[in-house]
Structure formats: structure tokens, C-alpha cells
Amino acid sequence: MPGGGEYRVGGDDVSQIFVYGTLKRGFYNHKLLEKLIGTRDAAYLGPHTTVEAFPLVCGPYGIPYLINLPGSGRRIRGELYSVSSGPGLARLDELEGLDRGHYERLPVSVAAVDESGGGERVLEVEAYFAHRGFGEGLWKRCGEEGLGEFSAEMGKKYVRRQDRPSNSNFIQDIHKFISDSEPILLEKKEIKTARSRWHQEWKEPLQVNKEEIQLPLKNNIPCINIGLHV
């Protein structure tokens, strides 16, 4: 097994799942995979990257979403697990809300991260994508600029379910997030402030090439959008 192989999954009926967000090692929901590894319902296969580029964005409550628009965004870095196709997969499907229209489990091609610079070994696996009912809208909401990896810094912004408002509704929250996309107009004197706020929030520089640019808001922090070179 490339890059890992913690224990082995019991039985022969096994699925391979690529995870890119809070199920990764060191993130909040990884505890579920740890439990599955302990019962031999999952095994870690190492770091992998999508073969094609896909959009990866964050929505309300810092929740990461992979969007099924191949060719857009970037190649995504994550982790690969083998999971028992019975209890293991059922637990993951429940977490990801497959029967509630939150995510969809779809095929994706990934390759093991090869530090030696050798050729890629491509595997056909599955991953949890944002549901088609809102995925493309979420991509447009975030300015059609995606991440290459859900980082530890972004993981700190993830809000656990128990810490969200008691009246929180996943589908309503995501559609509200998408619809609240009226842009703000930044004048030249405000660009310096926007750049500073961007760097403070996302730990990377914001560069602009226009005196007036339009940016949609993301939790009141400007997103990457029109007129930017990042």
C-alpha cells in the first residue's frame, strides 16, 4: 500500500475513499476514522492528490466542499483510506449527510504523493463532493477561485455541529450563504485595508491590478474575485 497502511480492513468488500477536509489527520472529524481503524473498518493508505483539478472552497461554519467541476480549481491534496463497504462506509455516509442532500459520494481519480519524483500511480476511488443542488452556486459565490488544500489554519475556523446555532439548518444555511453575495465596491484608498484584512485572515498576499475592484464578502472578509491576481 502506498504511503501507509495502518492495520488492514477486515473482509474483502472494501471501498477506497479520498478525504480532503475535516476527516484528515489532525482535524476534528478524524476521530471517526480513528474509531473505524480501531475496529478494522478503515485503514490509512497515505497522502494522495486528485489527478484532475477541482474546486475546493469553504462555506458557512468553515465547512470545506469539493465541487464536481473537473478542470476548474486546482489539484487537491488529501488522504486516502480503505473503508469496509458495510459499517465503515455507512458511518461516513451518515457523517456526510448523503441521505439529506449535503454531499454526494462520487468517483474520482487520485495519485499517491511521490516525493521521489517518479511516475504517478493512478487509482480510481471515491470522494464526498458538495451536492449538485448547490455545488456550482457555491463555486460562483466564492469567486471561482479554489484552494489546493484544506489547511490546519482553515481547520481552526471549522465550527462543530454542537457549537452552531440551535436553529441551524444545513441546506438553508448554504443557500443563504450563496444568496448573500452582493459585491462591495472598493475605492483605491480601501484596497490597502482589504489587502491587510485578506492577509490576516488567509495568511497569503492579496494583489490587485485595478483602482476599483468588486469583491463578494466571505464572513465579512473579501473573497478572491473579479479583478484580482493572486
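The NZ atom of Lys140 lies 15.0 Å from the CZ atom of Phe134; values are rounded to the nearest 0.5 Å. Taking CG of Asn169 as the start and CD1 of Ile174 as the end, the distance is 11.0 Å to the nearest 0.5 Å. A distance of 11.5 Å separates CD in Gln172 from OG in Ser179, rounded to the nearest 0.5 Å. Distance CZ/Arg160 to CZ/Arg164: 10.5 Å, rounded to 0.5 Å. Distance CZ/Arg74 to CD/Glu145: 7.0 Å, rounded to 0.5 Å. Taken from CG in Asp163 to OG in Ser168, the straight-line distance is 11.5 Å, to the nearest 0.5 Å.
Hydrophobic clustering (ILVMFWY, side-chain heavy atoms < 4.5 Å, transitive): Leu36 and Tyr28 are in one cluster. Hydrophobic clustering, with ILVMFWY side chains joined whenever heavy atoms are under 4.5 angstrom apart, groups Ile178 together with Leu69. Cluster annotation: Val51 is not connected to Val108 through the hydrophobic network of ILVMFWY side chains, with a link wherever side-chain heavy atoms come within less than 4.5 Å. Ile63 and Leu106 fall within the same hydrophobic cluster, defined by Ile, Leu, Val, Met, Phe, Trp and Tyr side-chain heavy atoms under 4.5 Å apart, directly or through other members.
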>> If you apply the rule side-chain contact (heavy atoms from CB on, under 4.5 Å), what do you find for Ile171 with His102, and how did you get there?
In response: CA-CA 7 Å; Ile171 299 298; His102 298 179; 3.9 Å; yes
>> Go through it in stages, so that I can follow the logic: the residues are Thr22 and Phe150, the test is side-chain contact (heavy atoms from CB on, under 4.5 Å), and I'd like the CA-CA distance, side-chain angles, deciding distance and then a yes or no.
In response: CA-CA 8 Å; Thr22 62; Phe150 185 68; 4.0 Å; yes
> Can you check side-chain contact (heavy atoms from CB on, under 4.5 Å) on Val83 and Val14, steps first, answer last?
Replying inline: CA-CA 6 Å; Val83 179; Val14 174; 5.8 Å; no
> Should Leu92 and Leu98 be marked as a side-chain contact (heavy atoms from CB on, under 4.5 Å) after you check the CA-CA gap, both sets of side-chain angles, and the distance that decides it?
Replying inline: CA-CA 9 Å; Leu92 292 178; Leu98 259 65; over 6 Å; no
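Looking only at distances, no side-chain donor or acceptor of Ser82 sits under 3.5 Å from a matching main-chain atom of Ala42. Judged by distance alone, the side chain of Arg77 and the main-chain N or O of Pro47 form no donor-acceptor pair under 3.5 Å. Although no hydrogens or angles enter the test, the distance criterion places a donor-acceptor pair under 3.5 Å between the side chain of Glu79 and the main chain of Arg25. Judged by distance alone, with hydrogens and angles left aside, the side-chain atoms of Tyr20 form a donor-acceptor pair with the main-chain N or O of Leu66 at under 3.5 Å. Of the possible polar contacts, none joining the Lys24 side chain to the Ser151 backbone as a donor-acceptor pair under 3.5 Å is found. A donor-acceptor contact shorter than 3.5 Å links the side chain of Glu104 to the backbone of Arg132. Of the possible polar contacts, one joining the His48 side chain to the Gly46 backbone as a donor-acceptor pair under 3.5 Å is found. A donor-acceptor pair is defined here as one N or O able to donate and one able to accept, closer than 3.5 Å; such a pair exists between the side chain of His30 and the backbone of Leu23. With hydrogens and angles ignored, the 3.5 Å screen pairs a side-chain donor or acceptor of Arg75 with a backbone N or O of Thr50.
In this structure, Tyr65 and Cys58 have side chains that are not in contact, with every pair of non-hydrogen atoms separated by 4.5 Å or more. You'll find the side chain of Tyr61 reaches within 4.5 Å of the side chain of Pro165, heavy atoms only. Here the side chains of Phe54 and Ser72 are not in contact, with every heavy-atom distance at 4.5 Å or above. Residues Leu80 and Tyr44 form no side-chain contact, since every pair of their non-hydrogen atoms from C-beta on lies 4.5 Å or further apart. The shortest distance between side-chain heavy atoms of Ile67 and Val57 falls below 4.5 Å. For the pair Thr49 and Val110, the minimum side-chain heavy-atom distance is 4.5 Å or more.
Among all heavy-atom pairs drawn from Asp173 and Pro60, the shortest one is O-CG, 3.8 Å.
Under the 6.0 Å cut-off for aromatic ring centres, Phe18 and Tyr81 do not qualify, their centroids lying 6.0 Å or more apart.
The aromatic rings of Tyr103 and Tyr128 stand perpendicular to each other, their planes meeting at an angle above 60°, with 30° marking the opposite boundary.
Considering Glu94, Glu96, Glu126 as possible partners of Arg105, the one that fulfils the salt bridge (Lys or Arg N to Asp or Glu O under 4.0 Å) test is Glu126.
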